[in-house]
Amino acid sequence: MTRRLLPFVVLVAAVALLNGWLYQRFHVRVLTLAVVWALAGVAWNLMAKAGQISLGHSAFVGIGAYGFTVLLREGGTSPWTGMVIGMGAAAVVAFVIGLPTFRLKGFYFTLATISFPLILELLVSHYGEPELTVPFHPENQWKFMEFSNAHTYVWVGLGMLIVALLISELIDVTSFGFALRAIRDNEVLARAVGIRTVAWKSAAFMISAALSAAMAVLWVKAVLRVTVAEEVFGITVVIVMLSVAFVGGVGLTWGPVVGAAFLIPLAMFLDDSIGEAVPGAQELVYAAALVLVALLIPRGILPAAGRGCRWLATRLSPTPGLPVRQLLQRVVAPPPRPSPLLSVPRRPRRPVVLAQAGEAPVLEVENVAKSFGANRVLSDVSFTVDAGTRVGIIGPNGAGKTTLFNIMTAHLRADAGRIRFKSIPIDRIRAPRRYELGISRTFQVPQGFGGMSPLDNVVVAAIGASVRHPVDASMAMLERVGLTSKALGQLSALTVAEIKSLELARAMVSDPELLLLDEPLAGLNEAERDRFFQIVDDLVAPHTAIVVIEHSVRSLVRYAESVVALDEGRIIAHGSPDDVVSDPRVIEAYLGSKWMERARDQ
Amino acid sequence: MTEFLQFLVPGILIGGVYALLASGLGLIFGVMRVVNFAQADFMMLAMYLSWALFAGGIGMDPFVAMPGIFAVFLLLGMAIHWLFIRFVIGRHENHDAQVILTLGLGLIFQNLILIRYSSEPRVVAPSYANTGDFIGDIFISRARLYAFLLSLLVAALLFLFLNRTGTGRAIRAASENWEAATYMGINIDRTNRIAFGVGVALTAVGGAALVTFQSITPFVGLRFVVVMFAAVVLGGLGSVSGAFVGGVLIGIIQSVSQVWTSAAVKNVWVFALFLLILYVRPNGLFGKVQRAI
């Protein structure tokens, strides 16, 4: 807890000290701006926690600035009320523009966000007022945020900054933060383990937008004194947000505070000393900072400083494990968090209908078809899987096996056909909800959340399934697959077999009723192969049905109770393993028709 | 109808220039998957170079200066790639560094120009700048017509370069699949460098074609950056020919919108269309639609 409290104490002490010590107008102005931009950066960084780089945040700053100015001019509304209304409006706008925009991946999102402030600026300038002066209300300092003492703005700003930082910290330690980090690391996988990516991103975007709007009110009242569309909706707003966030540490709660502490005074003092002769000096500071960070320390100062301190500590410490070194690490570079602090346990969302052996099949696939352009990948595929059974799927490369899995887990949408899970039609149900219903999977190319420990990889899946004690459940699952000793290490330190085990633990932590394994034995040696299915059988509940795609027909025949053979998107054989592997059509599909003809000729 | 045509024809003409601007951006993205936010600022630099050559005593016509501008920006682009861009290529899992690097570079260009030339708008006005011809009721500006014809010429040359030369083929191979291209013995770093240079030079030539009817400020790029992205996304990110078609379409929409709304908000239509395309067909008008649930 001290580790989380300490930065707050340092921040308050530093600002208080400076606020008491500085008396020149310009110096207080620099301090105010540093606090304002730190606040803006913290707001912007909330989206970066999910790996989303927004270039559209000036839309929210503009909404906040215009909102309160118009309310104050037209109705004499207090800027505080205006701030709350502006925050609400920004959040609503963020929700509306987020819904379509969050479907866009990676830099498509970044591209789309540029347009919003540009559209708003043009509309406001043309149909509204390009410039609004903020009326002067000296009669009530607190009501109208019209402080005669410039230091008061710093205190107000500090208060707002602390609130923003607390929100950011709170997100980090709850399942909210887990969801955002999961989205950042691997969005497809996040959806496959029950993370409702659009909902979480929307929530982060709305909070981020509201804080940006709040910052705008303080910025205009304390510094600008006039609301100019070109300025508050302008790209420079985003540039400064980006700069302070990236310089300090992108996605990190305290990053923007560090970034603003470095950059804002530098830019301001440079502007003050040479601004007359060199009009773009301030912007050059931000630009140079962006370029340098991109080339030298892409994650920002904080992570780089952490690495530097660890390196230095290792170098200086004569004996590893020296208390001094631990202290240093703890203060400057906290080691990877061992586990999440809390996750609000939610009501289990599973329907009460539980599949029981002997009743309707767990999975019913009916006439499923899928094409990619002119390439028909699946046609008329139908089969059922009973509770507690193991079904193997075989077929040559390109037969459509993985596509079939992707359709079952809603990573792809079928062109035709129906799928029922526990008698529920699930065709229109999205990936996270299917996971919650009880469908888990592993991937042909093993997937993971690269920025998280193996434990946290499983915890995300546990949170996605609303498991009551996600950390305990995940740890227990890791123990059962034999990964206890690696639980807190680096994901990249795992061997292929260990990654496969981790995938299994992640897929099993939700106690699924249908487990889909996509080529689980690929890359494993003989001994590991034999062990793998033992672990699976050890983990699954008796009612869990398992569908396995596997090229190792020998292992599969021993394991599965029935086998489906696919070729060119059609089921060519379905039955007991022995029947299927001796079916001539299956042999032909695997070995080719020429071989069959030759075999017949001889 | 005439009113419509009066906006359509200039739309097509300016669209040709947008196509040229966008083709450079599209080429760079296609080859090295870099979204270059500084692209419009290379255009701005080229506009200043044209202005300097025209107004700075030599009186060189922008269209005459164009081969020289192409050469200068080819080298500048290659230098920028060698100095900066190559360090952020290949981090496929993370586009953050590319975004902030190119944004930062663009901002540096803008402010260096601001320091050197102030924010006063500059104009290049050769004798044909404000003349034109009537075809029927439709006025065709000479400057825009020349710019359009130039765009067609450059498009043809680009097509020949990409299809008939070894380097051009290497660029196309790299944009199809750079990993496979390396196995075929293509020097990917050199290919990227040349592609970046050519991409920057194409946009620079487009910028030089604009100067006879577009006033020049250090921040002129901001007005064009989304127009360029819109054209590229419309045609399908990474497709040079798509970027050409996209550019012409954007020009038409921007211009024809003035039939209904004020010229001041013509770019709102472009931005709205850009968003619509991203949402509905993120792979461009001609790309495949792939939809997950």
Side-chain angles (χ1 to χ4, degrees), chain A residues 48 51 53 55 97 100-101 103-108 110-112 114-116 118-119 122-123 125-127 188 191 234-236 238-239 242-243 246 250 277-284 286-295 298-299 372-373 406 410-413 427-431 450, chain B residues 29 33-35 37 83-84 87-88 91 93-115 118-119 218-219 222-223 225-226 229-230 232-233 237 261-262 264-276 278-280 282 288 290-293:
Chain A
I53 304 302
L55 295 180
I97 65 182
T101 314
R103 306 236 170 266
L104 305 174
K105 300 285 174 288
F107 55 91
Y108 281 97
T110 307
L111 277 183
I114 311 175
S115 339
F116 296 111
L118 291 169
I119 290 176
L122 282 173
L123 292 179
S125 304
H126 186 69
Y127 297 109
V188 172
R191 291 177 66 74
I235 185 84
T236 312
V238 173
I239 295 283
L242 276 171
S243 306
F246 269 99
V250 66
V278 186
Q282 241 191 98
E283 283 75 14
L284 277 179
Y286 302 125
L290 286 178
V291 170
L292 288 176
V293 167
L295 294 178
R299 309 308 309 170
F372 294 120
N406 283 339
H411 288 90
L412 287 173
R413 178 182 283 183
D427 304 287
R428 306 204 65 79
I429 293 178
R430 295 173 196 280
Chain B
F29 180 82
R33 305 283 138 180
V34 168
V35 178
F37 286 99
L83 285 170
F84 302 103
F87 298 110
V88 296
R91 293 180 191 169
E93 72 287 354
N94 193 346
H95 286 88
D96 300 2
Q98 296 176 359
V99 172
I100 61 171
L101 174 67
T102 54
L103 269 177
L105 286 175
L107 208 59
I108 289 175
F109 295 152
Q110 289 168 21
N111 287 290
L112 288 180
I113 292 292
L114 176 72
I115 290 166
S118 83
S119 57
F219 308 108
L222 287 176
R223 297 178 48 178
V225 67
V226 178
F229 277 122
V232 168
V233 169
L237 255 176
T261 53
S262 152
V265 292
K266 63 182 180 185
N267 275 339
V268 171
W269 292 82
V270 175
F271 302 153
L273 177 80
F274 171 58
L275 286 173
L276 189 72
L278 277 176
Y279 294 153
V280 184
K288 276 182 300 191
Q290 190 51 255
R291 174 174 288 149
I293 296 177

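Residue numbers start from 1 in every chain, and the chains themselves are labelled A, B, ... in the order their sequence lines are given, proteins ahead of strands.
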Between L118(A) and F274(B), does the side-chain contact (heavy atoms from CB on, under 4.5 Å) criterion hold? Intermediate values first, please. CA-CA 12 Å; L118(A) 291 169; F274(B) 171 58; over 6 Å; no
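- Heavy-atom pairs under 4.5 Å with chain B peak, among A288(A), A112(A), S243(A), at A112(A).
- For V233(B), the part lying near chain A is the side chain, with the backbone staying farther off; criterion is any non-hydrogen pair under 4.5 Å.
- Residue L290(A) holds its CG atom at 9.0 Å from CG of L101(B), rounded to the nearest 0.5 Å.
- Residue L275(B) forms a side-chain contact (heavy atoms from CB on, under 4.5 Å) with just one option from L111(A), T101(A), I97(A), I119(A), and that option is I119(A).
- Of the two parts of L122(A), the backbone and the side chain both hold a non-hydrogen atom closer than 4.5 Å to a non-hydrogen atom of chain B.
- Residues N111(B) and G280(A) approach most closely at OD1-CA, 3.5 Å, considering heavy atoms.
- Rounded to the nearest 0.5 Å, atoms CD1 (I100(B)) and CG (L292(A)) are 10.0 Å apart.
- For V268(B), the parts sitting under 4.5 Å from any heavy atom of chain A are the backbone and the side chain alike.
- For a residue to count as touching a neighbouring chain, one of its non-hydrogen atoms must lie under 4.5 Å from one of that chain's; by this rule F246(A) touches chain B with the side chain only.
- Proximity to chain A is absent for every atom of F109(B), based on heavy atoms less than 4.5 angstrom apart.
- Within the model, atoms CG of L103(B) and OG1 of T110(A) stand 9.5 Å from one another, a figure rounded to the nearest 0.5 Å.
- Distance check, rounded to the nearest 0.5 Å: CG of N267(B) to OG of S115(A) gives 11.0 Å.
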F219(B) vs I235(A), test: side-chain contact (heavy atoms from CB on, under 4.5 Å). Steps then yes/no. CA-CA 11 Å; F219(B) 308 108; I235(A) 185 84; over 6 Å; no
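- With rounding to the nearest 0.5 Å, the separation of OH in Y279(B) from CG in L104(A) is 6.5 Å.
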Should L107(B) and T236(A) be marked as a side-chain contact (heavy atoms from CB on, under 4.5 Å) after you check the CA-CA gap, both sets of side-chain angles, and the distance that decides it? CA-CA 9 Å; L107(B) 208 59; T236(A) 312; over 6 Å; no
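- The residue among V291(A), V278(A), V293(A), N406(A) with the most heavy atom pairs within less than 4.5 Å of chain B is V291(A).
- With a 4.5 Å cut-off on non-hydrogen atoms, I113(B) does not touch chain A at all.
- Of all non-hydrogen atoms in V88(B) and A294(A), the two that sit nearest each other are CG1-O, 4.2 Å.
- The minimum heavy-atom distance linking G104(B) with A287(A) is given by the pair O-CB, 3.4 Å.
- In this structure, the separation between CG on L112(B) and CG on L284(A) is 5.5 Å, given to the nearest 0.5 Å.
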